[in-house]
Q: 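The structure's right below; bear with me while I get my questions together.
Note that the structure is predicted; figures quoted are calculated from it, not measured.
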Amino acid sequence: MELTKLCWGATALEVQLPAGTTKRRVAEQACLSLLTSCETLLRLTQIHALILKLGLHRNPLVLTKFAATSSHFDAAHYAASFIFPDDDRPAPHRDAFLFNTLIRAFAHSAAHSKPRALRLYSAMLRHDVPPNKFTFPFLLKACAGLADLPLAKTLHSSVVKFGFDRDLHVRNTMIHMYCCCGDAAESAQKVFDGSPRRDSVTWSAIIGGYARAGNSARAVALFREMQVTGVCPDEVTMVSVLSACADLGALELGMWLESYVERKSITKSVELCNALIDMFAKCGDVDRAMKVFREMEVMRTIVSWTSVIVGLAMHGRGLEAVSVFDEMVEQGVEPDDVAFIGVLSACSHSGLVDKGRYYFNTMQNRFCILPKIEHYGCMVDMLSRAGLVNEALEFVQAMPIEPNQVIWRSIVTACHARGELKLGETISEELIRREPMHESNYVMLSNIYAKLLRWEKKTKVREIMDVKGIRKIPGSTMIEMNGEIYEFVAGDKSHDQYKEIYGMVEEMGREIKREGYVPTTSKVLLDIDEEDKEDALYRHSEKLAIAFVLLNTPPGTPIRIVKNLRVCEDCHSATKFISKVYNREIVVRDRNRFHHFNNGLCSCGDFW
DNA sequence: CTAGGGTTAG
């Protein structure tokens, strides 16, 4: 009975004990029970002290439970201190199980603690405790978190040395580890290729790896290959494929994936629903994203809300984004820093300056979130876009953190759009001094010179770029048609239909000019005569893609295209006219946002 | 005691 006083009353009393248990076993059970209900770090330290007091610090059951619990509080070092006491207390019997538990605890902890998982592995070998098949998945996971490729290769050899390279779990984790170390295409692919058995986890690991690396086309291709081999994708696989699909902006594929989920009765986990929301938003159908969000059967998390808010923001539907944000707060879901980035960017894209200011204050005052550079970035962007360039500059001066290049670039973009060319020039030059290898700094300056009609200066910028070997990122446009993805680059002649396409572009030019379109030739890079400039504009990938879709789809079919850069001023204007003349809804995904063209108008209200 | 997954300014 003395024991119950030591333990925290009620908790210990509730422990169910078989009749005739020894006093020692009572203590053990009490500690285990306390650990199960442990909810704070403070309580954990109290239990730590209790374990020492009761002399249970060598009890394997208690130690493993303690290690597992400690990992919830990122406090695995408490557990480590039992296993490697720093005083003269005798150490417990250390077997692989004990090491594994501790390695797992460190592998799941914050990045700065992860190296301890690896040191424990060394200690394990030093103490002649051979690792077992459970050791490596934990260890490789720690390495994945560290994104350390040389280390990954070392661990890979250890796996081979101990003969676990045939274990499915170990191989799967190895693929994941290599992907996290930035080597999906080489090392991870090699492990994948050499896998005698592949289950849905194997496929998810490699597909997710390519998706995270930005190689979405490869991720989708692998998904198709997976289906051929007959391994059933599960909800985790689908999440990875959906995120690749979102990146590509391939709506047809996305809709097919959604129906696949239904058809195969794949569990609609929160993550899967969130991936669907994100996919539909990024593929241009934000209403469908809303529908998924509204009809979710599982509990929505902050990520679900944020995905839908960011989705609405991208489509310029700022008021709806704001009202979803308010609804979220009303429902008692605490917004985090990412949710605020979403709502602030919604205000920015829709010119809701007052609302933006309100949320920026609310974030700090009501929700006690310290604004990060991204939040300041949203505010500066919002003010600049709204034409309040001076206020944006004052805001930058008053910022408690150093503004970054992104912030300066958004001011320059606004300067360009608002005709504040002198200021834009000064900032661009400064940007070039600070980041001489960044392509877009030169492009911005060059565009400003074009607007000022300073052709000699523009040519000079161009020359500097050549000398420094800075290449302009080629603009490309993707479209999806009948399950195929086509990519166009400026002046592209690789397509079978290219003659018809160029013919169509010519025709489009004639038709829209009749409606009042005037080519915006000032942005063309070269100082050439007006007619040639117009010709250069007609070669833009976006126009080629639109011509291609007009040629190959029945009248009235909406046109959806995805660009890798921001849409240029001329293409934006031309697309408006095309939507009217050809009576097509045209949905364009930019580097930054969506433009919905309809009957001669764009949803961005011409300011983007 | 083992593996794979969702949102982030321009």
Q: Mind checking A:Thr202 for me? I need base, sugar-phosphate or nothing, with any heavy atom below 4.0 Å counting as a touch.
A: nothing
Q: What does A:Arg385 touch in the nucleic acid at a heavy-atom separation under 4.0 angstrom: a base, only the sugar-phosphate, or nothing?
A: sugar-phosphate
Q: Mark yes when over 12 heavy atoms from residues, nucleotides or ligands other than A:Arg166 sit less than 6.0 Å from its CZ; otherwise mark no.
A: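 Count not over threshold, so no.
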Q: By the 4.0 Å heavy-atom rule, please label A:Arg300 as base, sugar-phosphate, or nothing.
A: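 Touches nothing.
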Q: Partners of A:Val324 by side-chain contact (heavy atoms from CB on, under 4.5 Å), sequence neighbours excluded?
A: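 Partners of A:Val324 under the side-chain contact (heavy atoms from CB on, under 4.5 Å) test: A:Met290, A:Arg294, A:Trp305, A:Val308, A:Ile309, A:Leu312.
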Q: May I ask you to list the residues of residues 229-239 of chain A, by number, that have any heavy atom positioned under 4.0 Å from an atom of DNA chain B?
A: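 Contacts with DNA chain B under 4.0 Å: A:Asp234, A:Glu235, A:Val236, A:Thr237, A:Val239.
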Q: Could I get the full list of side-chain contact (heavy atoms from CB on, under 4.5 Å) partners for A:Ala417, not counting sequence neighbours?
A: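 Partners of A:Ala417 under the side-chain contact (heavy atoms from CB on, under 4.5 Å) test: A:Phe607.
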Q: Report yes if the distance between the aromatic ring centroids of A:Tyr376 and A:Phe360 is under 6.0 Å, otherwise no.
A: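 Yes, they do, as the ring centres are separated by less than 6.0 Å.
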Q: Could you pull out all residues at least two apart from A:Tyr210 that satisfy ring pair (Phe, Tyr, Trp, His ring centres under 6.0 Å)?
A: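 None.
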Q: State which residues pass ring pair (Phe, Tyr, Trp, His ring centres under 6.0 Å) with A:His176; sequence neighbours excluded, sorted by chain then number.
A: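 Listed in chain order: nothing, the list is empty.
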Q: How would you list, by chain and number, every residue that makes a side-chain contact (heavy atoms from CB on, under 4.5 Å) with A:Ser350, sequence neighbours excluded?
A: A:Leu352
Q: Enumerate the salt bridge (charged side-chain N to carboxylate O under 4.0 Å, His left out) contacts for residues 407-416 of chain A, please, sequence neighbours excluded, ordered by first and then second residue.
A: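 Qualifying pairs, neighbours excluded: A:Arg409-A:Glu435.
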Q: Got a sec? Which of residues 132-142 of chain A come in under 4.0 Å of DNA chain B, heavy atoms?
A: A:Asn132, A:Lys133, A:Phe134, A:Pro137, A:Phe138, A:Lys141
Q: Which part of the nucleic acid does A:Asn100 contact within heavy-atom distance under 4.0 Å: base, sugar-phosphate only, or nothing?
A: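 Since a base atom lies under 4.0 Å of A:Asn100, the category is base.
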Q: Within the structure shown, what part of the strands sits under 4.0 Å from A:Leu276 by heavy-atom distance: base, sugar-phosphate, or nothing?
A: nothing
Q: Considering every strand and a 4.0 Å limit on heavy-atom distances, what is the contact class for A:Asp590: base, sugar-phosphate, or nothing?
A: nothing
Q: So what does A:Lys282 hit on the nucleic acid, given a heavy-atom distance under 4.0 Å: a base, only sugar-phosphate, or nothing?
A: sugar-phosphate
Q: Can you name the salt bridge (Lys or Arg N to Asp or Glu O under 4.0 Å) partners of A:Asp74, sequence neighbours left out?
A: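 Checked A:Asp74 against salt bridge (Lys or Arg N to Asp or Glu O under 4.0 Å); zero matches.
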Q: Please list, chain by chain and in numerical order, all residues satisfying ring pair (Phe, Tyr, Trp, His ring centres under 6.0 Å) with A:Phe280, sequence neighbours excluded.
A: none
Q: So A:Thr301, base contact, sugar-phosphate only, or nothing? Heavy-atom distance under 4.0 Å.
A: base
Q: Could you list where the contact with chain A starts and ends along DNA chain B, reading 5' to 3', using a 4.0 Å heavy-atom cut-off?
A: B:dC1 to B:dG10
Q: Once ring pair (Phe, Tyr, Trp, His ring centres under 6.0 Å) is applied, do any residues pair with A:Phe134, and if so which ones, sequence neighbours excluded?
A: none
Q: For A:Thr173, which contact category applies under a 4.0 Å heavy-atom criterion: base, sugar-phosphate, or nothing?
A: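 A:Thr173: backbone/sugar contact only, no base atoms under 4.0 Å.
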